[in-house]
Amino acid sequence: MGRKEKPEKSTVMQVDAEETDDITPPVVVVLPGEAVQLPSNVSTVVRLGPGLRQDADGAAVTKAGVLRQTAQGDKVWVEGNQRRYVPQLNESVLGVVTAKLGENYRVDIGGPHPASLGVLAFEGATKRNRPNLEIGSLVFARVSLANKDMEPELDCINPTNGKADGFGEVKGGFMFKCSLGLSRSLLDPSNPFLQHLGNICPFETAVGMNGRVWLRSDKAKQTILIMQALLESETIPYNKARAHIKKFKTELGEK
């Protein structure tokens, strides 16, 4: 498998051949009103993500779903499968440019309101040298501002190093929509489906946490088959991933 980031920071991935074990991670289902014990062995502050609010004894659940946390334990959130995407800070999204207004682009990210992307919110962008996005362009961006009372804002820069790191305009390929649960599952480091597909044929993918996935491979037929395999994977447990992907081996051109 190529590069694959944590849920809050994903990049365009080059999927290649690399073996992995089929591991089904433990699942903790929580319901609204339940108390959640936050990790106590973390040296930094624990950040609460979607589905949690701070409580006197730790955190309380505000929506039903699966409790998740980063490997370091410094962020905890509830992974649900609601219909509409609600932007959250530092999440990566795939958006479509719908308009240009002065120094900003209006971008559809599938949320309640369109997002704003500044023309200088790109690596190395200046007033003289900046990207010129057309209406309908697809961009892979990071949510830099998320507030229920304000329009969400995007940028195409990794805040830790000032580099693009895969963010920016996405050209070619094909984008399809999926459930929010599936898009977040594909960003799970223990998810084996992308790796098994990469063992059959190389392809590139960018997964947005707003329920959108971009694919690019050598042939259009391969791209459609990969999309079909990923959409079907939503209801298949991780330990059945190898058998599921094996069904697509012949059609994807495995010799």
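Worth knowing before you read on, the calculation uses all heavy atoms, side chains too, and leaves out hydrogens, waters and symmetry mates. The structure presented is a predicted model; accordingly, all values stated were derived computationally and were not measured.
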**Request:** Take Leu31 and Val61 through the side-chain contact (heavy atoms from CB on, under 4.5 Å) test and state the conclusion after the steps.
**Result:** CA-CA 6 Å; Leu31 298 173; Val61 180; 5.9 Å; no
In Å and rounded to the nearest 0.5 Å, what is the [atom1] to [atom2] distance from [X] to [Y]?
{"X": "Leu186", "Y": "Phe193", "atom1": "CG", "atom2": "CZ", "value": "9.0 Å"}
{"X": "Leu180", "Y": "Met209", "atom1": "CG", "atom2": "CE", "value": "9.0 Å"}
{"X": "Glu204", "Y": "Trp214", "atom1": "CD", "atom2": "CH2", "value": "4.5 Å"}
{"X": "Arg106", "Y": "Asn104", "atom1": "CZ", "atom2": "CG", "value": "8.5 Å"}
{"X": "Ser217", "Y": "Ile226", "atom1": "OG", "atom2": "CD1", "value": "4.5 Å"}
{"X": "His196", "Y": "Arg242", "atom1": "NE2", "atom2": "CZ", "value": "4.5 Å"}

**Check: Ala60 main-chain N/O paired with Asp55 side-chain donor or acceptor under 3.5 Å** = no
**Prompt:** Between Arg53 and Leu48, is there a donor-acceptor pair closer than 3.5 Å when you use the side chain of the first and the backbone of the second?
**Reply:** no
Heavy-atom closest contact ([X] atom, [Y] atom, distance):
{"X": "Pro112", "Y": "Pro87", "value": "CD-CD, 4.2 Å"}
{"X": "Phe140", "Y": "Gly166", "value": "CD2-O, 3.6 Å"}
{"X": "Ile109", "Y": "Ala115", "value": "CD1-CB, 4.0 Å"}
{"X": "Glu151", "Y": "Leu145", "value": "O-CD2, 4.3 Å"}
{"X": "Tyr85", "Y": "Arg184", "value": "CE1-NH2, 4.0 Å"}
{"X": "Leu117", "Y": "Phe122", "value": "CD2-CZ, 3.7 Å"}

**Request:** I would like to know whether Leu89 and Arg47 meet side-chain contact (heavy atoms from CB on, under 4.5 Å); could you show each step before the answer?
**Result:** CA-CA 11 Å; Leu89 185 65; Arg47 294 178 294 162; over 6 Å; no
Taking C-beta and beyond as the side chain, do [X] and [Y] meet within less than 4.5 Å on heavy atoms?
{"X": "Ser183", "Y": "Asn210", "result": "no"}
{"X": "Phe176", "Y": "Leu215", "result": "yes"}
{"X": "Ser179", "Y": "Glu234", "result": "yes"}
{"X": "Thr205", "Y": "Val213", "result": "yes"}
{"X": "Arg142", "Y": "Phe167", "result": "yes"}
{"X": "Lys247", "Y": "Glu232", "result": "yes"}

**Message:** Is it the case that over 12 heavy atoms from other parts of the model lie below 6.0 angstrom from the NZ atom of Lys221?
**Reply:** no
Is there a chain of hydrophobic side chains (I, L, V, M, F, W, Y, each step under 4.5 Å between heavy atoms) that links [X] to [Y]?
{"X": "Ile245", "Y": "Leu182", "result": "yes"}
{"X": "Ile157", "Y": "Val107", "result": "no"}
{"X": "Val86", "Y": "Val78", "result": "no"}

**Prompt:** Looking just at side-chain N and O atoms, do Thr98 and Asp108 make a donor-acceptor pair shorter than 3.5 Å?
**Reply:** no
**Verdict with supporting geometry, Gln222 and Phe203, side-chain contact (heavy atoms from CB on, under 4.5 Å)** = CA-CA 9 Å; Gln222 290 178 333; Phe203 65 94; over 6 Å; no
**Request:** Evaluate the criterion side-chain contact (heavy atoms from CB on, under 4.5 Å) for residue pair Lys100 and Val119; output intermediate values, then yes/no.
**Result:** CA-CA 9 Å; Lys100 183 178 180 181; Val119 296; 4.3 Å; yes
Kindly list each side-chain donor-acceptor pair under 3.5 angstrom involving residues 130-139, sequence neighbours excluded, with atom names and distances?
{"residue": "Arg130", "atom": "NH1", "partner": "Glu103", "partner atom": "OE1", "Å": "2.8"}
{"residue": "Ser137", "atom": "OG", "partner": "Glu134", "partner atom": "N", "Å": "3.1"}
{"residue": "Ser137", "atom": "OG", "partner": "Glu134", "partner atom": "O", "Å": "2.8"}

**Prompt:** Under 30°, 30 to 60°, or over 60°: which ring-plane class applies to Phe248 and His244, parallel, tilted or perpendicular?
**Reply:** perpendicular
